[in-house]
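Below, chain A is the first sequence line, B the second, and so on; all start at residue 1. Atoms considered below: every heavy atom in the structure, side chains included; atoms not considered: hydrogens, waters and symmetry mates.
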Amino acid sequence: MAVKKIKTKDKHIKNLATIVGDASSILYQKVDLLAYECDGFTVYKHSPKAVVFPKNTNEVSALVKYCSDNQLPFLARGAGTGLSGGAIPLNNEVIISLVKMKKLLNVDLENRLAVVQPGYVNLKLTNSISDKGYYYAPDPSSQSCCTIGGNVAENAGGAHCLKYGVTTNHILGLEVVLPNGDIIELSENGILDVPGYDLLGLLTGSEGTLGIVTKITVRILKSPESKQTVLAYFDRVDDGSQAVSDIISAGIVPAALEMMDKTAIEAVESAAFPVGHPRDIAAVLLIEVDGIAAGIDEQINQILEVCKKRNVREVREAKDEQERASWWANRKTGFGAMGAISPDYLVQDGVIPRSKLPEVLKRIEQISQESGLRIANIFHAGDGNLHPLVLFDARIPGETDKAILAGSACLQACADVGGTITGEHGVGIEKREEMRFVFNDEEIIAQTNIREVFNPKNLLNAGKLFPTPGRCGEIKQVMKEATTVS
Amino acid sequence: MIATELLINLESIIPRERIKSGQNQHHHLGNNAQVSVFPTTEEEISLILKYANNHGKKISVMGGGTKRGFGGLTESVDILLSLSLYKGIVEHTVGDMTLTVKAGTTFYELQEYLAKHKQKVSLDPTWPEYSTIGGIVVANENGPKRLGYGSSRDVVIGLRNIYPDGSIIRSGGKVVKNVAGYDMNKIFIGSMGTLGVVSEVTVKLRPVAKYESLILISFKEGSIDEILMFSKALLDSVMEPVALELLSPTLSEKLTGQCTFTVAISFEDVESSVHYQEKFVKGIQPSGTEMDILSESEAQYFWHLFYTICPNGAKESAGEETEAALKIGVVNLNVLSIIKESQLLQDSYNLVVESHGGLGHGLCQVILKGSSQKVVLAIRQMRETVLKLDGYLVVKHLPFELRQKVDVWGGKPSHFFLLEGIKSKIDPQKILNPKRFIGGI
Amino acid sequence: MSLREKDLGKGPACTTMKSLSNYLWSDHPDEKKWADCTHCGMCLESCPTYELTGQEQHSPRGRVHLIKSVAEGKLEVNSHFMEPVFACLDCRACTTACPANVDVGGLIEEARGQIRQAMPLKGWKGAVSKVFLQGLFPHQNRLNSLGSFLRFYQKSGMQKVIRKSKLINIMPQHLVEMEAIMPEIQPSVRQKYKNENVIKAKGKTKNEVAFLTGCVMDVMFSDINDSTINVLTRNGNDVSIPQNQTCCGALHVHAGDRDTGRKLAKQNIEAFSGAEKVIVNAAGCGCMLKEYAELFREEEPEWHEKALLFSTKVEDISKYLHDTGFEKPKATINKRVTYHDACHLAHGQGVRNEPRDILLAIPGVEMVHMQNSDRCCGSAGIYNITNPEMAGAVLESKMENVPEDVEMISMGNPGCMLQMAIGVKKYGRNQKVVHTIQLLDWAYQKEDGIEGKDIWQ
């Protein structure tokens, strides 16, 4: 907090510090940097050159320009809750942390939009407008901590995107610092369909490789008149996943349709937010319906009918908002809860056509048996977005490798049935090679060609998102080191 | 003869009966070509593109032709690539609520097919009998129900694109959530066919609503303030209209017989919910207005009519009057100013001006009919108004000749170099729909 | 790194672990505590120091990562490591937020133990620490003398003189702020009841409890101790005040002085050995008492079991009253009250609703919700003395959450009360800072017709 002095001979550090104004806005000493060697994905670790904390767009622009002019690799970071390693400084990057740009700049309820800085935390937006009956729809499980800037980079999803769409469906405008330092505005006032290629859509989900977002205009929604939430318990996973498929094909659009299997239930019930799920149950569905109150009961009844047909053991309806909130807390902290039953976990993010749920869940069970590692499943069943959590202990030699392979096999299983390798966590470092499961070389080059337009020097977040054919050996080396370190 | 050589070369790719030459070289809407081809396979499309790319031939891409008057500064190019025969459902897994369809399938055919499964593509383009799904996506066409259901960028989950070099590049996939790699779908949607030929479209579907109704409220006094107050009240409520559209008096007269500013509110849900919402609207109905609640079949007829108000580029000959259609984007509630201004234009330029705009999404359509000179002047005045509101105006339909006088897209944005960069990476020879898009792309 | 892994395979695991780890002193940070951390980041927004700095080394997962890195030999115990570890308020909000129940607070205290062994405090901070932690808190007689002195300071007119003269300006600003809100010092209850083995219940005895009077509490807030005894006896409790009890040791443990912590723990465990229930009215003390076992994980393990047993007896006064039932006061206290969750009550002991229920049971009390009520106020033991700048910033953001239109802020911890009183004064607010039990006691007193509390009006 006190005014610090820069104690280094590195001229770049000194110059970067000058750009952000003072020494308390830059970190460059080993112990401080250590906290930035990974994000929510801990398999790979690498120390950054420095971490800088700009306070406004002009500072971001100046930092980027400096890095670009001096050939310093750099990347942007928000809260660092990403699960695919998108913010890990593989190339000793200068990390541009956007957490000090955390203001809510404008709320325009009449036109249903809000303008935020990238470091603004997702849930704070909803909290700041909920008293007026509005909310921001994308709700990744980490929403209490993750930043909207990070959400844009990853095109974050969440439990309620089944009905309301993912981040990209809620972004109306962006201010972006390009990798050369130029500042551009895309749809400044949040007006739809501005002429030109849809760069807004392209940048959302580009995992911080095309530019750094410094201002975001988002759509806000009116909170639904009514919500009803139920838990449905099944004795067989198959019945649970058939029920999901049946609900969707019955023409019901639930706000959320989540599923957890037995291992996942064990974890959440042993962790911080237990809600009393029966421990002997094979699968639980968390189903939420929202909308006009007059229509809710009809939908719930229809869902219950479907569940009955699929041999549901028990159904619970949320008594009140408090119970509903506790169910969601239980679900949303599910990944972290794995810590309670396993020292390490690796979460995957495959998506499959919903009708393939039973088939793929069986395949995942097989993979678990073959690898000898437990795999828990917590997922957005309504979207077909699976989150197999491979449980392992990195202290046991070789087990990290096994976990990585098992995770990859799960993604292969998703790709095999016409699905994809990531639905909301992004490719990052983690799934670079798995990109080949879904895209051929030409298609990957088509994408790197787009990157070249924005990021010709590839100084911004290099080594992410795409497999690098020429550097296979290098990647394997990194993987090896990573597995032995952690 | 160059044309002969072109024909011979094309015949080696595609059977002669699906090649037409020398027709309509001087179509009043332009975007024509010496030769038209009608491929039925992806391979044919790919070979045609490859051929054109290697031989410097320019291609104009067309579906149903409804948007022939949308952009384009070249009257005639070498090849008109029509996808009208490249049609049909590729894959539809009912339980997955996703569908893959060939680009040349008309929207009407598609919805008819899906209706059997009580499903639909939640877009509402004009001229559904003519418009193809490919054209709708590539021109990013949508209507009033965007408020409830979004647009192509929210509905399309996967595309197959044929690049000028003939390679087939898939973007997205067939699952409803997908962040593997860049979201390339987005740059093709609304690209006006300048980046590749979309051959297949995969969309997520929605169930057909169990019930729907339409409320028409006519504001007799024509008080804009009253409409504003009413709209704000409805938008701030928990009601869930799928459309909240303001119709200009001229358009209203055409559709409802009432020459007043009219607000059209559409509800789609289970019946009990729809009636509940109707009741709510009755409760906030401003005094001095008239309200009409259309039943399901009446509502459907209204929308049927609604989707034919826009000039149809597929019409072979020009009428006596010049027709123009504008797409205007402003901040939501500024729609009121645009619709009001359009009504004023009608009087000041002696035109027929029909317009409507979504109070919940900010997009307007203005249709002008009259003498060509007046139409051009009116568009210019409208653009000035729009720019003052920090919005944009795009000319969706205008005869070729007038497109030389009126900038279809408005000026270039400051980040135009990025758009140019994307274009030149994908289509370096600029063979696809040359000069059809913003800034002469 | 792969070399190291090979080494691991060779010798007995424990010795090689020791050679890797840079924790070279006894009483290591507990590996089990960080093993559950998956680096998910759900703790970030709960952390006041992360909120203020935005820097991850000042976040819970960052600190855990650093503590783990020392054990893995990637980092040494030095002043760079010390800064983030000692900047932690030990507010435990991260423990509440953590999906895997990682005991970050426990790890921090253990790491501080290592740091203090490696680098004993020097200079001004060292002196302050020594005077307060070793010279004062553990010694009841010295505390009593301090109390008498402070009373003299206030009553003799010396306070007025010092405040008027420039003399006060030689103190650091944060100490001036503290002096300014010093409550009126009353004689301590331990002195008051030193000749009574048991203070009998009013009416029929239902339970017997022992009472921890606390060190600071009994000097600065002996009126709250009085209230606590009143409330307990009124509700059928015989109250004993074991004379051998001492400071709970929380401040020592927070500061990394785990040896003194253990010494005090043992003394208290023995002093209360005859009690069935140990009632505490200071959240920080209660939390510490419940966690004594942590101190004996490695050192003096023979005490571990006793400490565990002891911890089951400890109960916060509000929870105790709530669980055993209390008489609803009949007199009305018409006040708008907001409640601040003391960290060591809400996050440390999971007591959140009980104090609120007590307040709601008082007729006339109107509860007003405080946003982020479980956010630390910045007091954090003696954090506000050792890290005044950060503490001040934390307090500022806390005060922004205190509703404008309330008359009282109620809470269950003396440290918070001092800090919040500073906040009220510093930001020109006019709320009265009260202990939850005090308010209940006043309601009883009013019911009984006892005069003299202007607070009732």
Side-chain angles (χ1 to χ4, degrees), chain A residues 1-2 24 27 29-42 51 53 77 79-83 97-100 102 119 121 123-124 127 141-142 144-146 267-268 270-273 329 332-345 347 393 395 397 480-481 484-485, chain C residues 1-6 8-9 31-32 34-47 49-59 61-66 69-70 72 74-76 78-84 87 95-102 371 387-390 392-393:
Chain A
M1 300 288 286
S24 62
L27 303 174
Q29 278 164 340
K30 188 183 164 192
V31 58
D32 298 334
L33 297 180
L34 211 54
Y36 288 86
E37 64 177 12
C38 66
D39 53 16
F41 178 67
T42 57
V51 187
F53 297 87
R77 178 175 170 122
T81 56
L83 292 165
S97 168
L98 296 160
V99 296
K100 294 228 170 125
K102 57 173 177 181
V121 169
L123 188 60
K124 286 193 175 171
N127 287 345
S141 293
S142 55
S144 61
C145 296
C146 64
V268 293
S270 321
F273 302 96
K332 290 202 171 187
T333 53
F335 293 176
M338 291 300 145
I341 61 164
S342 170
D344 298 276
Y345 73 87
V347 56
D393 187 344
R395 291 167 302 182
K480 225 179 190 174
E481 278 173 26
T484 45
V485 166
Chain C
M1 295 315 284
S2 50
L3 255 181
R4 280 193 181 134
E5 203 160 73
K6 268 184 215 153
L8 255 178
E31 188 189 341
K32 284 194 211 105
W34 70 68
D36 288 357
C37 174
T38 61
H39 214 75
C40 69
M42 297 291 261
C43 52
L44 294 173
E45 285 298 308
S46 70
C47 178
T49 58
Y50 176 77
E51 184 189 34
L52 290 168
T53 63
Q55 299 182 349
E56 293 222 12
Q57 78 278 20
H58 289 306
S59 78
R61 75 164 177 191
R63 290 178 178 124
V64 170
H65 191 65
L66 297 182
S69 297
V70 174
E72 288 172 346
K74 290 196 231 165
L75 209 62
E76 279 172 21
N78 56 25
S79 60
H80 291 310
F81 175 60
M82 182 178 87
E83 197 192 316
T95 312
T96 299
C98 178
N101 283 322
V102 173
Q371 288 287 326
N387 298 49
E389 267 184 74
M390 187 78 88

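Only the side chain of A:Y345 comes within less than 4.5 Å of a heavy atom of chain C; its backbone N, CA, C and O stay farther away. Of the two parts of A:K332, only the backbone, made up of N, CA, C and O, holds a non-hydrogen atom closer than 4.5 Å to a non-hydrogen atom of chain C. For chain A, no part of C:R63 is nearby; none of its heavy atoms comes within less than 4.5 Å. Contact of A:C38 with chain C is made through backbone and side chain together, with heavy-atom distances under 4.5 Å. Contacts between A:V99 and chain C at a heavy-atom distance below 4.5 Å involve the side chain alone, from C-beta outward. Residue C:T95: no heavy atom, backbone or side chain, is found under 4.5 Å from chain A. Using a 4.5 Å cut-off between heavy atoms, A:N127 makes no contact with chain C at all.
For the pair C:L52 and C:A393, the tightest heavy-atom approach, listed with the atom from each and the gap, is CD1-CB, 3.6 Å.
Within the model, atoms SG of A:C146 and CD of C:E45 stand 9.5 Å from one another, a figure rounded to the nearest 0.5 Å.
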In sequence, state the C-alpha distance, the side-chain angles, and the governing distance for C:K74 and A:E37, and then conclude on side chain to side chain contact (heavy atoms under 4.5 Å, CB included). CA-CA 12 Å; C:K74 290 196 231 165; A:E37 64 177 12; 3.6 Å; yes
Kindly determine whether C:N101 and C:D36 satisfy side chain to side chain contact (heavy atoms under 4.5 Å, CB included), including the steps that lead there. CA-CA 8 Å; C:N101 283 322; C:D36 288 357; 5.8 Å; no
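Across A:K30, A:R77, A:M338, A:K124, the residue that shares the most heavy-atom pairs under 4.5 angstrom with chain C is A:R77. Annotation: maximal heavy-atom pairing with chain C below 4.5 Å, among A:L33, A:L34, A:D344, A:L123, occurs at A:L34. If you tally non-hydrogen atom pairs under 4.5 Å between each of C:A87, C:G54, C:G62 and chain A, the highest count goes to C:G54.
Remark: the backbone N or O of C:L44 is not paired with any side-chain donor or acceptor of C:S59 at under 3.5 angstrom. The closest donor-acceptor contact from the side chain of C:Q55 to the backbone of A:A35 lies at 3.5 Å or more, if one exists at all.
The closest side-chain donor-acceptor pair between C:E56 and C:H65, if any, does not fall under 3.5 angstrom.
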